[in-house]
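Only one structure is covered here, and it is reproduced in the block below.
Counting starts at 1 for both ligands and their atoms, following the listed order.
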Amino acid sequence: GEPVHKTNSSKAIQSDIKTVKTNLEKLRGYHDLAKDAFDRAYSRDVEGAQADAIKLYRMGLSIVHEGLSLQVHSSGLGAGYSNVAKWRDDMTTWQEHVLSRLRDLESGGASTSSRRPPQRIVTSKRISAPATRAVRAVPAQPAPAGSQQDGRSGTGLGSKEEARLREVIEGEVLDTRPSVRWKDVAGLSAAKQALQEMVILPAQRADLFQGLRAPARGLLLYGPPGNGKTLLAKALASEAEATFFNISASTLTSKWHGEAEKLVRMLFKVAAEMQPSIIFIDEIDSILSERSAGEHEASRRLKTQFLIEFDGVANGSERIVVIGATNRPQELDDAVRRRLVKRIYIPMPDADARRELLKHLLRGQPVRLSRADMERVVNSTAKYSASDLAALCREAAIIPIRELGKAVSTVSADQVRAVELRDFGEALQSIRPSVNQEQLHRFDQWTQEYGTHS
Ligand code: ATP
Ligand code: MG
């Protein structure tokens with residue numbers, strides 16, 4: 001067999017390679033995100049929408065900053081590494097140009113230099129090439145200040161389009177009929193407590209939660225599938241005295257995919273108007289993951305838009321909280337993760353939570369389980385998630401019906417026997433835990449590294 005030390009060291013090398021590779025991917029992601037932000041900043045700038053342009057320039061700069069601080073060895077082997085130097089170069093060059101443009105813009109709208117047309121920041125050719133200047137498209141007159149183009153108050157969308165998107169948001173994203181109550185969520189007392197402090201109280205008592213006590217504007221619910229992240233957010237909607245916007249990332253990308261970015265822009269605008277607001281983004285990993293960066297133009301633009309809006313919320317005075325939920329926190333983009341400053345782990349249910357859940361699930365059913373029987377079920381389901389337990393109870397409850405065979409069509413409801421321990425025994429054979437030890441271990445590791453420890 002293999003000597004032990006050899007296996008160990010090759011494992012270590014493999015994990016090294018993995019880190020280096022992900023940093024390479026991150027660098028490319030930051031490069032592309034920054035490029036996108038600068039591209040858009042430039043077009044807003046040329047249009048005379050200076051406030052918008054400044055926002056986008058600043059966003060791009062903060063991304064460049066994050067990108068340039070990554071450790072990536074440019075001497076690595078394989079495709080991609082040859083780009084490292086170029087990506088860094090690009091970012092450094094853009095940074096210089098943008099800083100100088102920002103100085104002009106921020107020296108006040110009255111100065112002549114801020115009215116001078118901007119230099120294109122990102123081009124496929126090198127910026128210093130004279131040809132670049134020639135292809136620049138510059139309108140003859142800058143748009144008058146205060147016009148619709150001005151980003152300070154508007155969204156940069158036409159008023160018809162704005163009205164249409166507003167309708168979508170008020171009709172499909174705004175959650176006015178929250179049906180889940182706090183008490184419907186079993187267990188999770190630590191998470192409830194955290195949300196109470198971070199979201200509910202600050203919405204009720206804005207006067208107390210100021211300055212040092214200002215609540216976090218971004219938070220993340222993460223944990224293995226089926227333990228109540230989505231459920232908890234729905235309950236939060238009914239408990240918090242705040243306007244609740246509920247947008248699932250898959251809807252955003254599938255249904256609105258061409259317009260997702262505009263919808264996001266409008267969403268934050270409406271949220272600001274209806275503050276205090278909570279914006280809940282379910283399955284946040286599917287739009288804001290590392291993987292989606294650099295893959296599609298549209299998803300990159302969507303991500304940039306989110307980052308801009310996040311930063312607007314974090315630095316602004318509007319009372320908006322952004323809450324993301326994911327069962328794949330490892331895939332979240334660095335830039336996004338950093339903005340969701342509080343990260344709350346939604347764990348597998350412990351024995352107490354399982355007992356509570358089982359009672360909750362079996363309520364209203366004819367059940368014959370002694371206290372000791374209940375404990376046996378609780379103890380045999382140590383690895384079951386909350387939704388596994390729900391499946392287990394459904395399966396156990398169907399067994400007495402199955403036993404009836406053909407008689408099921410004639411029997412009266414009160415003749416069906418109660419659910420007993422043996423039904424659970426049988427159900428445990430067919431309903432198995434859906435989350436394995438290795439997955440849980442990965443969550444623990446992520447929590448160690450990035451979780452909020454309180
Ligand atoms: P995913 O990561 O797959 O999105 P999730 O954590 O969002 O999972 P939910 O959708 O909230 O999981 O839970 C799935 C179902 O399991 C719920 O509809 C509910 O029936 C049940 N459930 C999960 N957690 C709880 C809980 N803490 N209390 C009561 N029911 C729960
Ligand atoms: Mg969910």
TODO: Salt-bridge test for E66 and K26: reply yes if a basic N is under 4.0 Å from a carboxylate O, no otherwise.
DONE: no
- [ ] State whether a side-chain donor-acceptor pair under 3.5 Å links T447 with Y222.
- [x] yes
TODO: May I ask you to decide if the ring planes of F306 and F268 are parallel, tilted or perpendicular, using 30° and 60° as cut-offs?
DONE: perpendicular
Open item on the list: Give the atom numbers and elements of ligand 1 that come within less than 4.0 Å of a heavy atom of P225.
Closed with: 1 (P), 2 (O), 3 (O), 8 (O)
Task: For atom 12 (O) of ligand 1, the option (of A391, G223, G228) bearing the nearest heavy atom - done: G228
Task: Backbone or side-chain N or O of A386 under 3.5 Å from ligand 1 N or O - done: no
Task: Close-contact set for ligand 1 against A186 heavy atoms, below 4.0 Å - done: 26 (C), 27 (N), 28 (N), 29 (C)
- [ ] Examine the side chains of R354 and T381 and answer whether a donor and an acceptor come within less than 3.5 Å of each other.
- [x] yes
- [ ] State whether the number of non-hydrogen atoms from other residues, nucleotides or ligands found under 6.0 Å of E318 atom CD is greater than 12.
- [x] yes
Task: Atom indices of ligand 1 within 4.0 angstrom of N327 heavy atoms, with elements - done: 1 (P), 2 (O), 3 (O)
Task: Straight-line distance of Q445 CD to E449 CD, nearest 0.5 Å - done: 8.5 Å
Task: Sub-3.5 Å N/O-N/O distance, P224 and ligand 1 - done: no
Open item on the list: Between ligand 1 and L357, can you find any atom pair, the residue atom being a heavy atom, that is separated by under 4.0 Å?
Closed with: yes
TODO: Identify, by atom number and element, the atoms of ligand 1 in contact range of V185, meaning under 4.0 Å from any of its heavy atoms.
DONE: 27 (N), 28 (N)
Task: For ligand 1, the portion of S387 having any non-hydrogen atom under 4.0 Å away - done: both
Open item on the list: Is the ring pair F38/Y57 parallel, tilted or perpendicular, if the boundaries are 30 and 60 degrees?
Closed with: tilted
Open item on the list: Under 2.8 Å from the Mg ion (ligand 2), is there any N, O or S atom belonging to T230?
Closed with: yes
Task: Protein contact to atom 30 (N) of ligand 1 [nearest heavy atom, distance to 0.1 Å] - done: L231 CD2, 3.4 Å
TODO: Output yes when E273 and R166 qualify as a salt bridge under the 4.0 Å nitrogen-oxygen rule, no when they do not.
DONE: yes
Open item on the list: If we count only non-hydrogen protein atoms and require a distance under 4.0 Å, does atom 20 (O) of ligand 1 qualify as touching the protein?
Closed with: no
Open item on the list: Atom CZ of residue position R422 - does it have more than 12 heavy atoms of other residues, nucleotides or ligands inside 6.0 Å?
Closed with: yes
Task: Option whose closest heavy atom lies nearest to atom 7 (O) of ligand 1, chosen from T230, L232, V180 - done: T230
TODO: Please confirm whether D184 comes under 4.0 Å of ligand 1, counting heavy atoms of the residue only.
DONE: yes
TODO: Write out the residue and atom name of the closest protein heavy atom to atom 8 (O) of ligand 1, then the distance separating them to 0.1 Å.
DONE: G226 N, 2.8 Å
Open item on the list: Between K229 (side chain only) and P224 (backbone N and O only), is there a donor and an acceptor less than 3.5 Å apart?
Closed with: yes
- [ ] Of the side chain and backbone of N227, name the one, both, or neither that has a heavy atom under 4.0 Å from an atom of ligand 1.
- [x] backbone
